[in-house]
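In this text the structure is predicted, and so the values were computed from the model without any measurement. Only heavy atoms go into these numbers, but all of them, side chains included; no hydrogens, no water, no symmetry mates. Note on naming: letters A, B, ... go to the chains in the order of the sequence lines (proteins, then strands), and numbering restarts at 1 for each one.
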Amino acid sequence: MDYIFDKFEDEIKKGVRRVFDLDIDIPIEIPDEERGDYAIPCFVFSKLLKKSPHEIAEIITNNIELELGSAQSSGPYVNFKIDDRELVKNTIEKCLEYEDSFGSYPSKDEKMILEHTSANPNGPLHVGRARNPIIGDTLARVYEKMGYDVERQYFVNDIGRQMAIFAWGSINIEERDLPEPERNKIDYRMVRYYQKANSQLEEEPKIEDEVRDIIHAMEKGDKQTLNLFKDNADKVLKGVTDSLKRLNITLDSFKNESDFVVDGSVDDIVDQMDKNKRCGKEDGALFFEKDEKRTFLTRADGTNLYPARDLAYHKWKAERAGRLLNILGEDHKLHGHFLKDALESIDITPVPDFVFYSFVSFEGEEMSTRKGKYVTLDDLMDTAHNKAKKEILKRRDDFSSDEIERISEQVGIGAIRFNIIKIQPEKPIDFRWEEALNFRGDTAPFIQYTYARSCGILERSDIDLDPDQVDMSKIDEPGEMKLIKTMAKFPHILKTVRDNNVPHRLAKYALELASEFNQFYRDHPVIQSKNKKTERLLLVKAYSYVLKSLLDTLGLEAPESM
RNA sequence: GGGCGUGUGGCCUAGUCUGGAUAUGGCGACAGCCUCCUAAGCUGUAGAACGGGGGUUCGAAUCCCCCUACGCCCGCCA
């Protein structure tokens with residue numbers, strides 16, 4: 001709690017409560033910047049105290065005791081302004097203390113399992129599916145900054161009908177009967193079996209019987225069948241994780257759905273649910289009921305269904321972490337609610353929180369692995385890389401070819417991550433190439449470019465900065481103060497993102513932070529400054545720490561030149 | 001039919017949970033800024049009363065009701 005805005009907000013709330021000796025939530029908001037840093041509208045006090053909002057604003061202004069700033073009434077509002085000197089001092093100090101982990105909070109010593117991606121492992125990731133890992137990974141980084149011990153986990157749906165069709169294909173189809181893979185990558189080679197199996201299934205319905213035999217064998221726990229499923233899943237997953245790694249996303253662990261069948265924990269949870277008063281049976285099939293909505297856990301023949309297996313998985317997770325978060329497509333909303341209700345009904349805590357996101361369409365149509373209609377993540381990454389390279393070559397001729405490749409990758413990949421994360425999850429995205437590859441305006445390259453600019457200044461400076469020798473009281477111009485203030489807001493933004501699971505807010509803030517620097521850059525010479533060179537250099541150094549920390553949190557690389 | 005979500009300038013988008021002081025930013029358009037730390041930048045102009053209607057309130061993009069368009073869901077699939 002030692003970031004300046006944390007302290008100031010706390011001081012204002014306590015101060016107002018003390019003025020009126022009230023124990024209520026103080027409404028505090030962030031006004032337009034000319035008015036101040038915080039504002040309290042006094043309308044709510046009006047009824048309680050039987051005074052006009054104007055009067056109350058006056059009383060607060062005249063009686064509140066503040067160390068970090070000042071109060072000024074403005075009609076029915078009290079506006080609070082943080083003290084410039086405190087702001088500069090604290091912010092610069094914190095930047096130098098935390099460096100590029102500015103914004104971090106101390107470890108909470110709490111374990112969290114964040115489940116993301118968990119896509120059926122039957123083919124390469126396409127752009128639609130990529131929204132999940134990008135949201136998941138960004139939130140994982142935010143929670144880590146906030147002090148959680150985060151485990152990023154992929155729940156591998158390695159059993160079920162789709163995987164059975166996949167298995168049938170890998171048994172019955174010869175490689176020589178398949179088209180060339182679109183890429184020499186294992187997930188692309190494997191998806192051909194899945195796609196061909198699906199199209200053969202449509203033409204020859206009798207294959208259905210063979211698929212059913214495979215499903216039965218799987219459900220009976222047949223080792224050989226399960227191993228085949230798992231083997232197919234593992235191969236595809238190898239390709240998928242390679243793609244994700246390129247997006248700067250790594251998973252910490254994988255948990256196979258089949259494990260819960262094999263080790264008997266699904267049976268255990270079914271037994272437990274059987275005794276639950278919210279559960280009932282229909283023709284021998286067990287169901288959970290809430291609000292007249294039934295979710296079946298087993299079939300009439302006693303074999304278990306996905307909800308039961310997911311329940312076993314969540315019980316397993318709950319035993320291992322104090323906080324759970326799942327990133328799921330909006331089609332899983334109902335299932336998410338079922339999970340929560342069912343877990344609560346048997347007193348399993350913690351129950352997971354969810355982020356549901358809308359689908360990404362491609363030119364207005366849904367992407368489908370089965371039908372082969374999609375833009376793969378790999379294709380998008382390659383195209384982004386090439387586009388970035390073209391942009392670099394347009395303006396720089398002093399980079400080595402290695403540097404060009406490295407920066408093209410950093411910029412291209414960043415553009416993809418950012419363009420997806422900047423949109424509120426519940427909003428649908430219609431994927432368009434020009435938009436995905438746009439490098440100007442509200443984009444990652446804009447933010448990265450800003451970082452490179454700040455690095456450029458630091459690199460050119462010839463003096464050794466000794467913070468103790470720098471007179472920070474010289475940092476006082478509006479453009480300088482605005483920059484500092486925006487920097488100081490970062491910890492607050494992280495809190496908001498964590499409290500509401502709204503990763504797009506982080507992206508919006510990043511744009512603001514970058515834009516602020518570019519304005520500063522235009523108006524305030526640093527190296528050529530006559531009397532403020534060291535002070536501004538220190539400011540730029542502090543700034544670059546904040547931006548670096550923010551880029552890290554967004555999973556974006558921070559090129560020092562581009 | 002029911003449930004959930006979304007609808008903000010030509011296009012994309014923030015703000016909606018916790019109602020407040022002139023509705024955020026970008027793309028595109030138009031007009032400007034590189035003898036000066038990277039113009040992937042910056043400045044300015046035009047452009048929206050926030051899907052429609054009603055209500056609550058001193059005050060509504062934000063809360064409530066109705067309607068409408070679109071998406072998702074409503075399997076002994078996963």
Given [options], which nucleotide is nearest the side-chain atoms of [X]?
X	options	value
A/Phe359	B/C72, B/U22, B/C76	B/C72
A/Arg453	B/U22, B/U38, B/G20	B/U38
A/Ser515	B/C42, B/U6, B/C72	B/C42
A/Arg460	B/G71, B/G20, B/C37	B/C37
A/Glu29	B/C76, B/G20, B/U13	B/G20
A/Tyr449	B/U22, B/G20, B/U38	B/U38
A/Phe446	B/U22, B/C42, B/C37	B/C42
A/Tyr306	B/U22, B/A78, B/A39	B/A78
A/Gln519	B/U22, B/C42, B/C37	B/C42
A/Tyr521	B/U43, B/A39, B/C77	B/A39

For nucleotides [N] and [M], find the distance between their [atom1] atoms and express it as a whole number of Å.
N	M	atom1	answer
B/G47	B/G9	P	15 Å
B/U24	B/U43	P	15 Å
B/C66	B/G26	C1'	35 Å
B/A39	B/C50	C1'	34 Å
B/G41	B/C27	P	7 Å
B/G53	B/U13	C1'	26 Å
B/G15	B/G55	C1'	23 Å

Spacing of [X] atom [atom1] relative to [N] atom [atom2], expressed in whole Å:
X	N	atom1	atom2	value
A/Lys422	B/U13	NZ	C1'	8 Å
A/Leu328	B/C72	CG	P	17 Å
A/His504	B/G26	NE2	P	18 Å
A/Tyr451	B/U38	OH	P	15 Å
A/His337	B/G2	NE2	P	20 Å
A/Phe287	B/C74	CZ	P	18 Å
A/Ile421	B/C12	CD1	C1'	17 Å
A/Glu289	B/C76	CD	P	13 Å

>> I'd like to check, for A/Phe43, whether its ring lies over the base of B/G20 with centroids under 5.5 Å apart and a plane angle smaller than 30°.
In response: yes
> Under a cut-off of 3.5 Å for both distances of each Watson-Crick or G-U pair, what dot-bracket string does RNA chain B give, using [ ] for crossing pairs and | for inter-strand pairs?
Replying inline: (((((((..(((.......[....))).(((((.......))))).....(((((..]....))))))))))))....
>> Any heavy-atom pair between the side chains of A/Val191 and A/Asn122 that's under 4.5 Å?
In response: no
Phosphate-side-chain proximity, [X] and [N], N/O vs OP1/OP2 below 4.0 Å:
X	N	result
A/Arg440	B/G26	no
A/Arg505	B/U16	yes
A/Arg522	B/U43	yes
A/Gln424	B/U16	no
A/His335	B/C74	no
A/Arg299	B/G75	no
A/Lys427	B/G7	yes
A/Arg294	B/C74	no

> Where does B/A49 fall, syn or anti, if syn means a chi angle no more than 90° from 0?
Replying inline: syn
> Would you call B/C33 syn or anti, using the 90° rule around 0?
Replying inline: anti
> ring pair (Phe, Tyr, Trp, His ring centres under 6.0 Å) with A/Tyr374: which residues, sequence neighbours excluded?
Replying inline: A/His126
Distance criterion of 3.5 Å, no angle test: do you see the side chain of [X] paired donor-to-acceptor with the base of [N]?
X	N	answer
A/Asp442	B/C12	no
A/Asn518	B/A39	no
A/Arg309	B/A78	no

> Listed by chain and number, what are the side chain to side chain contact (heavy atoms under 4.5 Å, CB included) partners of A/Ser561, not counting sequence neighbours?
Replying inline: A/Phe399
>> Suppose we screen for side chain to side chain contact (heavy atoms under 4.5 Å, CB included). Which residues come up paired with A/Ala164, at least two apart in sequence or across chains?
In response: A/Val211, A/Ile214, A/Ile215, A/Phe229
> Under the salt bridge (charged side-chain N to carboxylate O under 4.0 Å, His left out) test, which residues partner A/Arg309, sequence neighbours left out?
Replying inline: A/Glu257
> Under 4.0 Å between a Lys/Arg side-chain N and an Asp/Glu carboxylate O for A/Glu403 and A/Arg396?
Replying inline: no
> Is any NZ, NE, NH1 or NH2 atom of the basic residue among A/Glu289 and A/Lys293 found under 4.0 Å from an Asp or Glu carboxylate oxygen of the other?
Replying inline: no
> Does A/Glu435 or A/Pro445 map to a spot on RNA chain B nearer the 5' end, using the closest nucleotide for each?
Replying inline: A/Glu435
>> Return whichever of A/Gly284 or A/Ile429 has its heavy-atom-nearest nucleotide of RNA chain B closer to the 5' end.
In response: A/Ile429
>> Listing request: all salt bridge (charged side-chain N to carboxylate O under 4.0 Å, His left out) pairs with a residue in residues 409-421 of chain A, at least two apart in sequence or in separate chains.
In response: A/Asp137-A/Arg417, A/Arg246-A/Glu409
> Parallel, tilted or perpendicular: which fits the ring planes of A/Phe338 and A/Phe288, with parallel below 30° and perpendicular above 60°?
Replying inline: perpendicular
> Parallel, tilted or perpendicular: which fits the ring planes of A/Phe43 and A/Tyr77, with parallel below 30° and perpendicular above 60°?
Replying inline: perpendicular
> With a non-hydrogen cut-off below 4.0 angstrom, is A/Val411 in contact with a base, only sugar-phosphate, or nothing?
Replying inline: base
> Just one of A/Leu139, A/Ile421, A/Leu550 clears the side-chain contact (heavy atoms from CB on, under 4.5 Å) bar with A/Leu506, so which one?
Replying inline: A/Leu550
